[in-house]
Amino acid sequence: LRESLKSGIEGHLTEWGLATERTDSPKYDSNGYWRGPIWGPSTVIAVTGLEKCGYHELAKEIAARFSSLCDKSGFAENYDALTGDSLCDPAYTWTASAYLLLLERL
């Protein structure tokens, strides 16, 4: 079960982090709210789950990619999963909080 969940998460991984919808899905929308963009809260949940399941390297890789995304595009509400550009609100506290939590893991 853990391996299946890990494989599923890996399918969502882009250069910048975890897309909320696989980028090869017909339902993917780069600005489709929860159908494509990268979000801080869901990233923290995924990283925490991976760590608890013993997938420390993948968790660290996702945390590093999200941190690089914030370094590039600031603390937006969400981000385009393919370009890393910020979407929606340009300044969001939950993103800054996610960034700080994930930096602690690195």
Distance (rounded to the nearest 0.5 Å) between [X] [atom1] and [Y] [atom2]:
| X | Y | atom1 | atom2 | value |
| --- | --- | --- | --- | --- |
| Ile62 | Thr14 | CD1 | OG1 | 10.0 Å |
| Glu15 | Thr83 | CD | OG1 | 9.5 Å |
| Ser67 | Leu106 | OG | CG | 5.0 Å |
| Lys72 | Ser86 | NZ | OG | 7.5 Å |
| Leu50 | Leu5 | CG | CG | 9.0 Å |

Please say whether more than 12 non-hydrogen atoms of neighbouring residues, nucleotides or ligands are located less than 6.0 Å from NZ in Lys60.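 Result for NZ/Lys60: open.
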Where is the tightest heavy-atom contact between [X] and [Y], given as atom of each residue plus distance?
| X | Y | value |
| --- | --- | --- |
| Glu10 | Leu58 | CG-CD2, 3.7 Å |
| His12 | Glu21 | ND1-C, 3.7 Å |
| Ala81 | Ala19 | CB-CB, 3.6 Å |

Would the distance check show the side chain of Thr95 and the main-chain N or O of Gly40 forming a donor-acceptor pair, the cut-off being under 3.5 Å?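 Checking the backbone N and O of Gly40 against the side chain of Thr95, no donor-acceptor pair under 3.5 Å is found.
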Within a strict 4.5 Å, meaning less than it, do heavy atoms of the Pro37 and Asp80 side chains meet?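 Of all side-chain heavy-atom pairs linking Asp80 with Pro37, none is under 4.5 Å.
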Scan for side chain to side chain donor-acceptor pair (under 3.5 Å) pairs involving residues 40-55, sequence neighbours excluded, and state none if there are none.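 Qualifying pairs: Glu3-Tyr55, Thr48-Arg105, Glu51-Arg105.
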Sequence neighbours left out, what pairs pass ring-ring contact (aromatic ring centres under 6.0 Å, His included) with at least one residue falling in residues 74-106?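 Checked against ring-ring contact (aromatic ring centres under 6.0 Å, His included) - neighbours excluded - the pairs reaching residues 74-106 are Trp39-Trp94, Phe75-Tyr99, Tyr92-Trp94.
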Are [Y] and [X] co-members of a hydrophobic cluster defined by side-chain heavy atoms under 4.5 Å apart?
| X | Y | answer |
| --- | --- | --- |
| Trp16 | Leu102 | yes |
| Phe66 | Leu101 | yes |
| Ile9 | Tyr28 | no |
| Leu87 | Ile38 | no |

